[in-house]
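Below is one structure, written out as structure tokens, with a few remarks after it.
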Amino acid sequence: MQIGCHVSISGSIDKSVDNAVERDCSAFQIFTRNPRGWNAKELVEQDIENFKGKLENSKIDRMAICAHMPYLPNLSTPKKDGFEKSVNTLISEVERCGKLGIPYLVTHLGSHLGTGEEEGIKRLVKGLSKAGQTKNDVKILLENSAGQKNSVGANFEQLAEIFNQLKPVKKFGVCFDTCHAFVSGYDLRTDKAVKETFSEFDDSVGIENLKILHLNDAKGEIGCNLDRHYHIGLGNIGEKGLGAVIKTVNKEKVPIILETPIDDVRDDFENIRIVKGLV
Ligand code: MN
Ligand code: MN
Ligand code: ZN
């Protein structure tokens with residue numbers, strides 16, 4: 001099993017590897033820069049070398065790490081300047097991942113802001129395809145959404161419809177978030193439910209396109225569309241269901257990343273320990 005969590009790059013980007021090792025991760029996720037702004041400081045050559053060096057010296061497989069897009073881009077937006085900025089950010093992140101040797105970049109699919117799914121998807125496909133022209137080995141992973149109002153890509157068929165329009169195919173893959181799937185109405189609470197949900201995912205998206213799993217319990221009820229992650233086993237999905245998900249994706253050798261909260265109840269160290277105890 002390759003398992004870890006989202007780790008901070010605070011200080012410098014190579015610190016993320018220290019944070020991952022400290023947490024006993026065999027997989028991890030980062031933001032390559034401050035996720036809350038449009039502008040990114042350029043990567044410094046020394047930081048890139050330190051990041052790669054530390055990774056090399058760790059037991060973590062390079063293919064088990066990923067980066068997540070910053071928060072502001074919206075690839076489905078009808079706003080012209082916003083769309084352009086979003087696509088440029090995506091391209092810049094694909095390039096940054098290339099420099100760092102990170103194989104996967106997870107992106108949200110955005111919001112059509114009330115202009116309708118069809119129009120939103122058209123723009124999204126255009127934006128993703130443009131970024132797909134970037135010449136390196138980084139794959140852009142489409143993350144299933146929680147199904148919030150105006151959002152795109154909560155439902156597996158729609159995710160497949162988007163994915164199947166993207167070219168070149170080798171530049172793209174999918175990231176499955178358990179919290180998002182559950183609050184979008186896909187049951188993951190029992191062995192049987194997990195089997196059914198993943199067979200539905202396989203039938204539409206194709207399990208071979210799954211490159212990263214975000215393992216999060218859900219604060220909300222099934223189908224509530226509320227994007228609130230919770231500690232493993234303490235939310236509405238529960239230990240049993242998440243255990244079955246882990247088993248399913250381990251068969252496919254998909255790295256597992258936790259995006260669980262850090263609060264008085266638990267921290268990353270403990271959530272990771274608990275996941276390891278489930279197998
Ligand atoms: Mn995400
Ligand atoms: Mn996620
Ligand atoms: Zn989420």
Side-chain angles (χ1 to χ4, degrees), residues 2-9 25 27-36 64-76 86 89-90 93-94 97 102 104-111 124 127-128 131 138-156 158-159 162-163 172-186 188 197 201 205 209-232 234-237 241-242 245-246 249 254-263 268 271-272 275:
Q2 291 176 310
I3 159 89
C5 63
H6 187 102
V7 288
S8 165
I9 60 161
C25 296
F28 68 91
Q29 174 177 279
I30 59 167
F31 291 119
T32 76
R33 38 83 141 220
N34 171 11
R36 287 182 180 80
I65 66 177
C66 64
H68 194 293
M69 275 282 281
Y71 297 127
L72 296 181
N74 176 3
L75 295 164
S76 299
S86 299
T89 302
L90 180 60
E93 288 299 316
V94 172
C97 285
I102 298 175
Y104 304 120
L105 173 65
V106 176
T107 182
H108 292 172
L109 304 182
S111 164
L124 173 66
L128 287 169
V138 179
K139 276 191 208 295
I140 300 167
L141 306 187
L142 318 186
E143 179 173 12
N144 64 313
S145 77
Q148 308 96 312
K149 191 168 182 245
N150 297 336
S151 72
V152 173
N155 142 324
F156 299 160
Q158 193 179 72
L159 199 58
I162 297 161
F163 184 76
F172 298 95
V174 172
C175 166
F176 184 113
D177 187 306
T178 54
C179 169
H180 299 176
F182 183 72
V183 300
S184 296
Y186 293 102
L188 292 168
T197 292
F201 180 83
V205 179
N209 296 313
L210 177 63
K211 303 300 172 192
I212 292 286
L213 182 92
H214 282 169
L215 189 78
N216 301 309
D217 212 327
K219 187 92 188 170
E221 296 288 344
I222 185 165
C224 71
N225 300 122
L226 183 72
D227 187 7
R228 286 275 303 280
H229 301 183
Y230 208 53
H231 302 291
I232 303 304
L234 302 183
N236 285 303
I237 304 177
L242 291 173
V245 171
I246 295 167
V249 302
V254 175
I256 299 170
I257 308 285
L258 305 188
E259 299 176 310
T260 40
I262 297 169
D263 57 24
D268 292 338
N271 274 310
I272 289 174
V275 170

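Counting starts at 1 for both ligands and their atoms, following the listed order.
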Give a yes or no on whether the ring-centroid distance for H68 and H108 is below 6.0 angstrom.
yes
Considering only N, O or S atoms, which atom of H214 is nearest to the Mn ion (ligand 2)?
ND1
In terms of side-chain heavy atoms, does N236 have a donor or acceptor partner in D217 at a distance below 3.5 Å?
no
Does H68 put an N, O or S atom under 2.8 Å from the Mn ion (ligand 1)?
yes
Between I140 and the options V174, V94, V106, the side chain to side chain contact (heavy atoms under 4.5 Å, CB included) test singles out V94
Looking only at N, O or S atoms in D227, which is nearest to the Zn ion (ligand 3)?
OD1
Closest N/O/S atom of H229 to the Zn ion (ligand 3), by atom name?
NE2
If you consider just the N/O/S atoms, which atom of E143 is the closest one to the Mn ion (ligand 1)?
OE1
Within less than 2.8 Å of the Zn ion (ligand 3), any N, O or S from H180?
yes
For the aromatic rings, using the six-membered ring if either is Trp, is the centroid distance between F176 and F201 under 6.0 Å?
yes
By atom name, which N, O or S atom of D177 is the nearest to the Mn ion (ligand 2)?
OD2
We want to know whether N271 and H231 form a side-chain donor-acceptor pair, criterion being a heavy-atom distance below 3.5 angstrom.
yes
Please name the atom of E259, limited to N, O or S, that comes nearest to the Mn ion (ligand 2).
OE1
Minimum heavy-atom separation for K211 and G173, please, with both atom names.
CG-CA, 4.4 Å
